[in-house]
Amino acid sequence: MNTPFPSIEQLRTQLTSREISAVELTEEYFHRIRSTSHQLNCFVSLHEDSALQAAREADSDIARGRDRPLTGIPIAHKDIFCIEGKKTTCCSRMLQSYVAPYSATIVENLENAGAICVGTTNMDEFAMGSSNETSANGPVRNPWNLQHVPGGSSGGSAAAVAARLVAACTGSDTGGSIRQPASFCGVTGFKPTYGRNSRYGMVAFASSLDHPGCLTNSVEDAGRMLSAMAGNDTKDSTSASQEPIGWSSSTRPRRLGYPTRLFADLPQSIARPLEEARHTLEAAGNTIVEIELPHFDVAVSAYYVIACAEASTNLARYDGIRYGHRSKFDGNVEDMYAQSRSEGFGMEVKRRILTGTYVLSVGHYDSYYMKAQKIRRLIRDDYLRAFHQTDVILSPSTPTTAFRLNAMDLDPTDMYKQDQFTVPVNMSGLPAMSVPCGFSDGLPVGLQMIAPHFRESELLELGIDYQNLTDWHQQQPCLPKT
Amino acid sequence: MERDQLLNEEILVRLCQLSNLRLLESEQGELLHDLQTIKRFVDNIHGVDTREVEPLSHPLDMDQVLREDSTVDEIDRATYQELARDIGDGYYLVPRVIEP
């Protein structure tokens with residue numbers, strides 16, 4: 001390869017000019033993965049045989065001029081997306097031996113666009129976590145500092161992209177699970193509008209909040225991935241029928257919403273890079289408009305009521321009968337259900353199922369679940385009101401940089417607060433992304449950009465402009481030699 | 001304080017029954033403490049005035065589109081049943097429910 005870690009566009013140019021073959025490129029990525037990924041624990045499985053077979057087909061397609069947008073590009077999928085004939089475990093003991101009988105729509109879409117899947121990435125169990133420490137496969141480590149977490153739940157995807165072990169990864173974002181790890185690992189994490197990407201074949205956590213998306217080394221790469229992933233899908237009744245995602249390279253000034261209060265309580269080490277990013281965007285001709293998001297402070301609480309309620313319902317399907325872990329201790333059928341679920345689920349999953357059951361139970365349904373749904377409307381309306389006077393809203397991605405492993409073991413709500421800047425966006429279904437904007441003590445800091453529904457192009461154009469002015473996205477971690 | 005007392009061991013046992021979960025003795029104390037902490041954390045939603053606010057269950061104002069009720073992809077029974085631990089004659093087997 002000409003440069004150590006080229007963009008998807010550069011890789012495509014090298015492939016179509018026959019400077020490198022898809023087989024050589026795939027082998028090169030497997031070489032990197034084998035020499036590095038054990039330090040990070042970011043992969044759950046590698047699909048070397050099928051990837052090399054797909055690479056040979058890609059070379060044949062290129063030779064015959066049957067080129068597609070991602071032909072020959074090595075990617076990995078978060079272990080939450082079904083891939084036909086491959087294990088999809090959601091990093092849970094519950095699905096340890098589950099081999100998917102069909103593929104998720106976004107997996108098919110990326111395959112149809114020519115992408116080559118090299119394997120699946122580690123994640124928090126059933127996407128429940130913000131540190132990747134709840135995975136049944138053990139924690140992922142942050143490539144910028146191995147004693148720190150990569151964020152979660154798409155921590156394996158973020159670490160793999162940051163360490164340049166793949167060109168791009170898929171991820172899922174229910175409360176920040178793409179943007180928070182992207183921020184912690186210094187990569188671009190993009191969550192499109194709810195309904196833009198099909199959820200068919202993605203293991204459900206909280207169906208009204210789950211968003212498939214991607215993690216990449218640049219905003220432009222994210223645009224290429226999303227263009228291939230997105231599209232209406234009749235197999236997902238919440239899938240939206242919209243114009244394809246596009247973006248233009250022309251720079252135009254935008255009105256950027258700035259919720260001052262969200263930036264006020266940040267530690268100086270985070271506030272400084274975010275402030276510099278704001279100045280960079282202002283100097284590029286964009287206008288800063290101060291806005292207010294009055295219900296921001298209750299968003300995390302309302303989110304956890306809704307997310308846990310939906311999780312307890314969705315995870316009721318794991319009964320040990322048709323698929324998933326079944327206990328050897330059978331007893332009667334009720335015992336078998338309870339024992340299989342208790343052995344299959346980890347502690348964080350149990351915590352959320354029990355919380356969800358509580359808020360949905362008689363006497364609490366109205367005071368917790370319905371109350372949270374009403375607050376959800378207030379939160380969404382705050383954003384819609386702000387978009388009357390702005391094109392894109394800026395926000396921190398996270399309240400801290402990546403924290404140390406086991407730092408949040410004592411109080412589960414400390415971990416939940418990590419998502420304070422990202423969960424309101426999921427509750428509103430808005431498109432948003434995190435882009436790297438600097439470092440603090442050697443760890444990356446992320447800036448979040450949020451756009452109105454189905455205006456992903458605003459984010460892509462603004463993000464590309466920002467990355468043309470800065471080089472934070474080109475910084476690479478140096479992993480220790482082993 | 002009064003709210004915490006409402007989430008006690010008795011409620012935890014009931015929640016486990018409803019959730020089809022069986023906790024180890026070593027898990028019970030930790031989970032009860034965690035659930036009380038989470039409850040205290042989410043209780044600030046009660047301070048928000050939501051009178052005359054309609055609940056929002058879906059973030060977008062869009063109609064749910066129903067597709068034609070016809071088979072799209074068909075996967076044969078054997079493929080699905082390979083994922084189950086106990087099957088027999090094309091059926092899923094569970095512990096006996098009705099004694100003969």
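Sequence lines set the chain letters: A, B, ... in the order given, protein chains first and strands last, and positions in each chain run from 1. Values in this document were obtained by computation on a predicted structure and should not be read as measured data.
Side-chain N/O atoms of Ser207(A) and Asn314(A) include a donor and acceptor closer than 3.5 Å. No side-chain donor-acceptor contact under 3.5 Å links Thr134(A) and Glu125(A).
Counting heavy-atom pairs closer than 4.5 Å to chain B, the top residue among Gln339(A), Lys417(A), Met427(A), Met347(A) is Met347(A). Ranked by non-hydrogen atom pairs under 4.5 Å with chain A, the options Leu24(B), Leu18(B), Leu60(B), Leu35(B) are led by Leu60(B). Ranked by non-hydrogen atom pairs under 4.5 Å with chain A, the options Ser57(B), Pro55(B), Ala84(B) are led by Pro55(B). When the candidates Glu30(B), His33(B), Glu82(B), Glu68(B) are compared by the number of heavy-atom contacts under 4.5 Å with chain A, Glu30(B) comes out ahead. When Gly324(A), Pro101(A), Gly356(A) are compared by the number of non-hydrogen pairs under 4.5 Å with chain B, Pro101(A) comes out ahead. Of all the listed residues (Ser239(A), Cys308(A), Ser367(A)), the one sharing the greatest number of non-hydrogen pairs under 4.5 Å with chain B is Ser367(A). By number of non-hydrogen pairs under 4.5 angstrom with chain B, the leading residue of Leu354(A), Leu378(A), Val298(A) is Leu354(A). The candidate with the highest count of non-hydrogen atom pairs below 4.5 Å against chain A, out of Leu93(B), Leu12(B), Leu31(B), is Leu31(B). The greatest number of non-hydrogen atom pairs below 4.5 Å with chain A, out of Arg96(B), Gln81(B), Glu54(B), is found for Glu54(B). Interface summary for chain A: among Thr79(B), Ile75(B), Leu23(B), the most heavy-atom pairs under 4.5 angstrom belong to Ile75(B).
Residues Arg376(A) and Ser208(A) are in side-chain contact: their nearest non-hydrogen atoms beyond the backbone lie under 4.5 Å apart. Contact annotation: the side chain of His453(A) approaches that of Leu430(A) to within less than 4.5 Å [non-hydrogen atoms, C-beta and beyond]. Counting heavy atoms from C-beta on, the side chains of Leu32(B) and Leu7(B) come closer than 4.5 Å. Within the 4.5 Å cutoff, no side-chain heavy atoms of Leu21(B) are placed close to those of Glu27(B). Using a 4.5 Å cut-off on side-chain heavy atoms (C-beta onward), Tyr369(A) and His364(A) make no contact. Residues Arg380(A) and Arg377(A) have side chains in contact (heavy-atom distance under 4.5 Å, counting atoms from C-beta outward). For the pair Asp43(B)/Tyr368(A), a side-chain contact is recorded, criterion being any heavy-atom separation below 4.5 Å from C-beta on.
In this structure, the portion of Asp49(B) lying under 4.5 Å from any heavy atom of chain A is its backbone and not its side chain. Heavy atoms of Ser312(A) lying under 4.5 Å from chain B are absent altogether. Contact annotation for Tyr303(A): neither backbone nor side-chain heavy atoms come within less than 4.5 Å of a heavy atom of chain B. Neither the backbone nor the side chain of Ile87(B) comes within contact range of chain A; no heavy atom of the residue lies under 4.5 Å from a heavy atom of that chain. Contacts between Val97(B) and chain A at a heavy-atom distance below 4.5 Å involve the side chain alone, from C-beta outward. In this structure, the portion of Asp297(A) lying under 4.5 Å from any heavy atom of chain B is its backbone and not its side chain. At a 4.5 Å heavy-atom cutoff, Tyr383(A) makes no contact with chain B through either its backbone or its side chain. Within the 4.5 angstrom heavy-atom criterion, no atom of His325(A) approaches chain B. With a 4.5 angstrom heavy-atom cutoff, Ala316(A) does not touch chain B via any of its atoms.
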Side chain to side chain contact (heavy atoms under 4.5 Å, CB included), that's the test. Do Ile38(B) and Tyr358(A) meet it? Break it down for me. CA-CA 11 Å; Ile38(B) 292 167; Tyr358(A) 180 78; over 6 Å; no
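A salt bridge links Glu348(A) to Arg352(A): one of the charged nitrogens lies within less than 4.0 Å of a carboxylate oxygen.
Environment of OH in Tyr92(B): crowded, with over 12 heavy atoms of neighbouring residues, nucleotides or ligands closer than 6.0 Å.
For residues 191-201 of chain A, a heavy-atom distance under 4.5 Å to chain B picks out Thr193(A), Tyr194(A), given by residue number.
Taking the centre of each ring, Tyr98(A) and Tyr318(A) stay at or above the 6.0 Å mark.
Checked against Ser130(A) for a side-chain hydrogen bond (donor to acceptor under 3.5 Å, both in side chains), the options Asp414(A), Asp419(A), Thr422(A) give a single hit: Asp419(A).
Classification of the Tyr304(A)-Tyr416(A) ring pair by plane angle, with boundaries at 30° and 60°, yields parallel.
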